[in-house]
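Report on the following structure.
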There are 2 protein chains.
Amino acid sequence: MEALAQVAALLADRTRAAFCGALLDGRAWTATELAAHARVAPSTASEHLTRLIEGGLLVEHRQGRHRYVALAGPHVAELLETMTAFAGPDSKPRGLRAVSASEAMARGRTCYDHLAGKLGIALKSGLVELGVVTADLAITPSGLIWLKELGFEPSKRQVSRACLDWTERVPHLAGAAGAHLCEVFFERGWIRRIGTTRAVVLTPAGEQGWRELGLI
Amino acid sequence: MEALAQVAALLADRTRAAFCGALLDGRAWTATELAAHARVAPSTASEHLTRLIEGGLLVEHRQGRHRYVALAGPHVAELLETMTAFAGPDSKPRGLRAVSASEAMARGRTCYDHLAGKLGIALKSGLVELGVVTADLAITPSGLIWLKELGFEPSKRQVSRACLDWTERVPHLAGAAGAHLCEVFFERGWIRRIGTTRAVVLTPAGEQGWRELGLI
DNA sequence: CCGACGTTTCGGCGCGGGCCGAAGTGTCGT
DNA sequence: ACGACACTTCGGCCCGCGCCGAAACGTCGG
């Protein structure tokens, strides 16, 4: 259990945890961006990033004078999701901006590479309704065909996985299938990010698309 | 991400992590037992236990002058499993006793309420062979009937869940179904604990039972 | 009722680690 | 070539926290 403590220690610091939370949007951030986000000096951020990379949680990608970092993969996102689901949402959003931001996150957001929030729950309900997945979020044989018609190709990665939503406390669809659907929705302009946050909305085109697929 | 850091901090200490690791056997331990296990003074253990309980990871059950503690539920076990799978096994078992103990754990052990190790992998393979679960560890309709014949009754808990094995790096069966099978195997004397550890072995009766069920 | 035992509280010690600013390195744009 | 910029390294500060032992409390057994 020695190793467990070491991984936990990496996430036990509010600044490093804030970095990981920001990176849950699935994009790569520069060191300076993360420093500003967590309100610490660049030198402090640099040291934290080095530790997170050595611990295998993050990967870096140097480009000129920039140091881009990103989550090391879906397995890290799953770890963070599991822990966040256990910990529950942060207690008190302070101020009007923070409140409206957290409401937007609750309506819909990306969870690294798939959809979460009320939007994620709606997607799951639709998929269950269509018989693509069972109530336990296992892909059905007919569901696999349905996914393939949307361009899904099975890989080594687990096709479906339940991810516990930390705002709704209900499992939604993660894994390769969840990631693929999210990708397709972005490509088709059915969902769109709000500003630079993880929050997303269903566009009018998306609403129509979902209706045509029988998701709503 | 504030809340994530707080949960992580609970597990970021080697002593508290050792407590949780010991409690992964699913039983309730007294404060003194845990103190001896982690080689710290009783007073130190007492303070750690209070913190873990306040953090929701453990529950206590006072009985006379004893303070029994146990994991707060399957969700805590899942959290620990996810983190341990990410962290990997502890590096170096020291001495002959430690080596043979870790080999026994690799052969078969309980993961809170279900089977893991090579034994868990064997069980999974058998279940896939029988068509009880898919390769992704989702229960099939016929598999549900098979489980019910073994006394399984669906509840609110998720029926099947993939748990990543930290010795084999392969997912095995957790969730309500995994817990039920483990329980049945213990009742029938098919598996037995080695000493007081989490390690288990398949008994001769168990080998025959598994053969009759078509698991091996 | 008394001693043994499991547990808790408290004071105090020492280490680890998170933070910053200053100075240094490397890269880009002009 | 030069300054601006992103990042890193280092020294130093200080707070948090894990540890223990001593003492107190509660329970059990005789």
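Residue numbers begin at 1 in each chain, while the letters A, B, ... track the order of the sequences.
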Output one line per pair: protein atom, nucleotide atom from nucleotides 15-21 of chain C, and distance, for all N/O pairs under 3.5 Å.
| from | atom 1 | to | atom 2 | distance (Å) |
| --- | --- | --- | --- | --- |
| C:dG18 | OP1 | A:R16 | NH2 | 3.1 |
| C:dG18 | OP2 | A:R16 | NH1 | 3.1 |
| C:dG18 | OP2 | A:R51 | NH1 | 2.5 |
| C:dC19 | OP1 | A:T15 | OG1 | 2.8 |
| C:dC19 | OP2 | A:H48 | NE2 | 2.4 |
| C:dC20 | OP2 | A:A41 | N | 2.9 |
| C:dC20 | OP2 | A:T44 | OG1 | 2.8 |
| C:dG21 | O6 | A:S43 | OG | 3.1 |

For atom CZ of B:R67 and atom P of D:dT27, their distance in whole Å: 15 Å
Sugar-phosphate only, base, or nothing, as touched by A:T30 at under 4.0 Å among non-hydrogen atoms: sugar-phosphate
Qualifying residues under ring-ring contact (aromatic ring centres under 6.0 Å, His included), relative to B:H180, sequence neighbours excluded: B:F152
Nearest-angstrom distance from the residue atom CD of B:E60 to P of C:dG6: 18 Å
Please tabulate, for the side chains in residues 49-57 of chain A, all donor-acceptor contacts under 3.5 angstrom to protein atoms that are two or more places apart in sequence or on a different chain.
| from | atom 1 | to | atom 2 | distance (Å) |
| --- | --- | --- | --- | --- |
| A:T50 | OG1 | A:S46 | O | 3.0 |
| A:T50 | OG1 | A:R67 | NH2 | 3.4 |

Distance in angstrom units between B:L49 CG and C:dT9 C1', rounded: 15 Å
Qualifying residues under salt bridge (charged side-chain N to carboxylate O under 4.0 Å, His left out), relative to B:D136, sequence neighbours excluded: none
Residue pairs passing the ring-ring contact (aromatic ring centres under 6.0 Å, His included) test where at least one lies in residues 33-63 of chain B, sequence neighbours excluded: B:W29-B:H37
Geometric cation-pi criterion, B:R109 with B:W166: 6.0 Å, 45°: yes
For nucleotides 27-30 of chain C, list the nitrogen or oxygen atoms of the protein found under 3.5 Å from its nitrogen or oxygen atoms, one pair per line.
| from | atom 1 | to | atom 2 | distance (Å) |
| --- | --- | --- | --- | --- |
| C:dT27 | O2 | A:R65 | NH1 | 3.4 |

Results of salt bridge (charged side-chain N to carboxylate O under 4.0 Å, His left out) for A:R198 - residues two or more places apart only: none
Rounded distance (Å) that lies between atom P of C:dT8 and atom CG of B:L34: 12 Å
Listed once per pair and sorted, the salt bridge (charged side-chain N to carboxylate O under 4.0 Å, His left out) pairs that draw on residues 27-44 of chain B, sequence neighbours left out: B:D25-B:R27
Please tabulate, for the side chains in residues 71-82 of chain B, all donor-acceptor contacts under 3.5 angstrom to protein atoms that are two or more places apart in sequence or on a different chain.
| from | atom 1 | to | atom 2 | distance (Å) |
| --- | --- | --- | --- | --- |
| B:E78 | OE2 | B:R161 | NE | 3.2 |
| B:E81 | OE1 | B:R161 | NH2 | 3.2 |
| B:T82 | OG1 | B:E78 | O | 2.8 |

Whole-Å gap separating P (D:dT8) and CD1 (A:I53): 8 Å
